[in-house]
Number of protein chains: 2
Amino acid sequence: MSTSPTHPELGAGWLLGAVHRHIRSRWAERIRAYDVTPPQAAALRALASAPGLSLRELARQIEAEPINLSRTLEPLEERGLVCREPRPNDRRAHALVLTPRGLDLAASLTAAAAEFEHELATLLDPGFDQTVAWLHRALATLRTSEPSQPG
Amino acid sequence: MSTSPTHPELGAGWLLGAVHRHIRSRWAERIRAYDVTPPQAAALRALASAPGLSLRELARQIEAEPINLSRTLEPLEERGLVCREPRPNDRRAHALVLTPRGLDLAASLTAAAAEFEHELATLLDPGFDQTVAWLHRALATLRTSEPSQPG
DNA sequence: TATTGTTATACTCTATAACTATA
DNA sequence: TATAGTTATAGAGTATAACAATA
């Protein structure tokens, strides 16, 4: 992977970071209208598609630390979007569920996300989903890979 | 851009973040042997290829905030890798230059970076530089793009 | 007035360790 | 003893405002 011509000493890691910050920032401003942050949006959307999970289960699903997810959910609960229902058989874990308003919001966020990602895909490669799919595969490969000296 | 199958409600932004953290972490551990952080490595390599810049000029070049770059350079100056030479004609800006040891380190880091990026490229697409180049173009496109509602 | 480097400060996201109450 | 949620705390990286010295 060669370095970018405009930044000769900044490599793939740097470029990924720059892209990530940019995209995240755009996504954050897109959902600001709903008064949620990107982590909150992820939690809400995950809960909408898998209601009743415990906090740790949800954390596993979206690959967050339980403590961070806990703090992410806090303001959402205060706003009456998420509630922790007690479980009869285990009083440690609560069942996380969305309220009707939470469900509405999650639906809006999912629509916004679909639109946002479609816009990104269009920017990347208008009309050619194949290469976008390749980007996804590439990122998925890099995500867990263990770069090590070539033999 | 469709979402990842294993994380239905986590989109492109999340995936980019995950990849970025992973790659950054691997890179950080790779250069830990040299006792430098990724931002320090970027600054050192940039200074090696463009010596004599002022702090603000260097900051512009690597797209960092001057204050953050200032703090990045501080420990490097203490270790005798970078020094701020006074400029005769402008006593506000100093000329940043690498010491011989700093130059050695920068060379090692550049070699490590080339190796690291080559490993990433190999992971992505062994033997096919074209698609790697496409990834770079894709990231470069996304980097400054302004996603906006399609017409 | 404008610019350089810096101080002080804060924000976002993430992470580790240890506590408490349950099981 | 093991697990669930939480508290306290910390870290990296980034950012804004303003200030003193200098131009």
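Just so you know, these numbers use all the heavy atoms, side chains as well, and skip hydrogens, waters and symmetry mates. Just so we're clear, the structure is a prediction, and the values are computed from it rather than from any experiment. By convention in this document, chain letters (A, B, ...) are assigned in the order of the sequence lines, proteins followed by strands, and residues within each chain are numbered from 1.
- Nucleic acid contact for A/Arg87: none, since no nucleic acid atom lies under 4.0 Å from a heavy atom of the residue.
- Of the residues listed (A/Glu85, A/Arg84, A/Arg87), the one engaging A/His94 in a side chain to side chain contact (heavy atoms under 4.5 Å, CB included) is A/Arg84, and it is the only one.
- Using a 4.0 Å cut-off between charged nitrogen and carboxylate oxygen, B/Glu119 and B/Arg30 count as a salt-bridge pair.
- Taking atom CG on B/Leu69 and atom C1' on D/dT14, their separation rounds to 13 Å, with Å as the unit.
- In the set D/dG5, D/dA15, C/dC13, D/dA15 carries the atom at the smallest distance from any side-chain atom of B/Arg71.
- Between A/Arg84 and D/dT6 there is a side-chain polar atom (N or O) within less than 4.0 angstrom of OP1 or OP2.
- With D/dT16, C/dG5, C/dC13 as the choices, the nucleotide that has an atom nearest any side-chain atom of B/Glu65 turns out to be D/dT16.
- For the atom pair OG1 (B/Thr99) and CZ (B/Arg79), the distance works out to 10.0 Å, reported to the nearest 0.5 Å.
- Contact annotation: side chain of B/Arg56 to base of C/dG5, donor-acceptor pair present below 3.5 Å.
- Regarding contacts with the backbone of D/dG5, every side-chain N or O of A/Ser70 stays at 4.0 angstrom or more from both OP1 and OP2.
- The nearest heavy atom of DNA chain C to B/Ile67 and to A/Arg24 marks one nucleotide each, and the one closer to the 5' end goes with B/Ile67.
- Taking atom CD of A/Glu77 as the reference point, atom P of D/dG5 lies 12 Å away to the nearest angstrom.
- Closest to the side chain of A/Arg91, from the set C/dG5, C/dA23, C/dT14, is C/dA23.
- The pair A/Glu63-B/Arg21 fails the salt-bridge criterion, with no side-chain N (NZ, NE, NH1 or NH2) lying under 4.0 Å from an Asp/Glu carboxylate O.
- Between B/Gln40 atom CD and D/dA12 atom P there is a gap of 10 Å when expressed in whole angstrom units.
- In this structure, A/Leu73 places its CG atom 13 Å from P of D/dT7, rounding to the nearest Å.
- When each of D/dG13, C/dA15, D/dT6 is scored by its nearest atom to the side-chain atoms of A/Pro66, the top-ranked nucleotide is D/dT6.
- Nearer to the 5' terminus of DNA chain C, by closest-nucleotide assignment, is the contact made by B/Glu74 (compared with the other of B/Arg21 and B/Glu74).
- For the pair A/Leu96 and B/Thr37, nearest-nucleotide mapping onto DNA chain D gives the more 5' position to A/Leu96.
- At whole-Å resolution of the value, CG in B/Leu58 and P in C/dG5 are 10 Å apart.
- Rounding to whole angstrom units, NE2 of residue B/His94 and P of C/dT3 are separated by 19 Å.
- The side chain to side chain contact (heavy atoms under 4.5 Å, CB included) with A/Leu96 is formed by just one residue from the set A/Leu76, A/Leu53, A/Leu55; it is A/Leu55.
- The distance between atom CZ of A/Arg92 and atom P of D/dT1, rounded to the nearest whole Å, is 17 Å.
- For the pair A/Asp90 CG and D/dG5 C1', the computed distance is 11 Å after rounding to whole Å.
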